[in-house]
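Counting begins at 1 with the first residue of the sequence.
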Amino acid sequence: MEEVGSDGPPVSPLAKWRNDFSRAFQYYLDRSAPHIVNRWLGTLAAAAIYILRVYYVQGFYVISYGLAIYILNLLIGFMSPKVDPGLEALDGASSPTKDSDEFRPFIRRLPEFKFWYAITKAFCVAFMMTFFSVFDVPVFWPILFFYWVFLFFLTMKRQITHMIKYRYVPFNFGKQRYAGKRSPESTSGSFKD
């Protein structure tokens with residue numbers, strides 16, 4: 001008689017451990033999804049630890065510059081719509097720019113959870129890189145800092161101009177409610193019997 005299920009090659013203990021670890025990691029990652037504030041507080045703590053490490057070591061400025069450029073790139077993806085209205089207008093489909101057009105919700109190119117996960121992972125990788133002296137390239141850090149500030153303002157100016165031109169806001173604050181047209185009686189605040 002043949003055994004059922006023994007056709008596959010034997011699994012090494014390292015591969016089994018890796019598979020178990022990846023499942024457990026994904027389980028806890030999925031469980032953290034609804035806890036937005038706690039996730040961002042954890043990322044803020046990781047950022048503070050990284051900043052303190054760079055401050056006390058007085059080095060690794062190139063890693064910090066690369067990290068800042070990467071976060072700026074993620075921020076652009078987070079603030080950009082999934083479908084660019086400028087390209088959509090060229091294709092013939094129009095975005096709702098008039099009051100009579102249909103409302104379409106803002107859908108991000110980079111969702112908040114992926115944005116958070118990428119930033120957290122970037123801070124952890126950058127922190128680990130600070131333990132290897134090969135990454136500590138001697139540079140004059142104020143030049144890198146001011147160049148990054150210049151890039152940040154230039155990029156945000158372009159992004160905000162794009163947002164104003166195509167009338168979208170990448171942030172929502174709570175549930176949007178439609179107030180409708182109110183009659184003069186309903187705005188007085190008193191009930192009539």
Side-chain angles (χ1 to χ4, degrees), residues 26 29-30 32-51 54 60-129 135 137 139-182:
Q26 189 63 45
L29 195 63
D30 293 342
S32 72
H35 307 289
I36 297 170
V37 174
N38 293 337
R39 284 190 285 118
W40 282 104
L41 286 175
T43 300
L44 188 63
I49 290 169
Y50 173 76
I51 291 168
V54 169
F60 300 100
Y61 301 120
V62 172
I63 292 174
S64 299
Y65 177 72
L67 176 65
I69 293 293
Y70 181 68
I71 289 173
L72 181 62
N73 186 25
L74 291 174
L75 184 64
I76 291 168
F78 181 69
M79 293 177 64
S80 298
K82 188 173 186 177
V83 178
D84 189 9
L87 297 176
E88 195 175 75
L90 295 175
D91 290 342
S94 63
S95 61
T97 56
K98 299 177 186 170
D99 291 335
S100 62
D101 288 342
E102 178 183 349
F103 169 75
R104 293 188 323 201
F106 181 79
I107 300 172
R108 300 178 192 285
R109 185 169 22 132
L110 181 65
E112 184 270 336
F113 185 80
K114 289 183 180 180
F115 178 59
W116 164 80
Y117 183 63
I119 286 180
T120 305
K121 201 165 47 169
F123 273 114
C124 292
V125 168
F127 179 73
M128 295 306 292
M129 289 174 77
F135 298 116
V137 179
V139 293
F140 187 59
W141 68 266
I143 291 174
L144 291 178
F145 176 73
F146 287 117
Y147 184 61
W148 182 83
V149 169
F150 174 73
L151 284 175
F152 177 79
F153 282 115
L154 195 66
T155 304
M156 286 300 114
K157 179 183 177 238
R158 185 178 59 91
Q159 188 69 30
I160 291 170
T161 304
H162 191 267
M163 290 165 48
I164 292 170
K165 181 178 180 182
Y166 293 106
R167 298 180 185 174
Y168 66 89
V169 179
F171 305 107
N172 56 357
F173 302 101
K175 185 177 179 181
Q176 299 294 323
R177 297 190 179 163
Y178 176 69
K181 292 185 179 182
R182 294 185 178 180

- Query: Heavy atoms, side chains only, cut-off 4.5 Å: are Leu67 and Phe60 in contact?
  - Reply: no
- Below 4.5 Å, heavy atoms only, C-beta onward: do Trp40 and Thr43 meet side chain to side chain? yes
- Would you give the length of the straight line joining atom CD of Gln159 to atom CD1 of Ile164, rounded to the nearest 0.5 angstrom? 11.0 Å
- Distance from Ile76 atom CD1 to Ile71 atom CD1, nearest 0.5 Å? 12.5 Å
- Arg109 and Ser80 side chains, donor-acceptor separation under 3.5 Å: yes
- Message: Quick check: closest heavy atoms across Ser32 and Leu29, and the distance to 0.1 Å?
- Response: OG-O, 2.7 Å
- Message: Once you measure the plane-to-plane angle for Phe115 and Phe78, does it fall in the parallel (<30°), tilted (30-60°) or perpendicular (>60°) bin?
- Response: parallel
- Kindly compute the distance separating CH2 (Trp116) from CZ (Arg39), expressed to the nearest 0.5 Å. 5.5 Å
- Would you say Thr120's side chain and Tyr117's backbone share a donor-acceptor pair under 3.5 angstrom? no
- Spacing of Tyr61 atom OH and Phe140 atom CZ [to the nearest 0.5 Å]: 10.5 Å
- Nearest heavy-atom contact between Tyr50 and Ser64 is OH-OG, 2.7 Å
Could you pull out every donor-acceptor pair under 3.5 Å between side chains of residues 143-158 and any protein atom, sequence neighbours left out?
from	atom 1	to	atom 2	distance (Å)
Trp148	NE1	Ala68	O	3.2
Thr155	OG1	Leu151	O	2.7

- Message: I need the minimum non-hydrogen distance between Phe123 and Ala46, along with the two atoms involved.
- Response: CB-CB, 4.4 Å
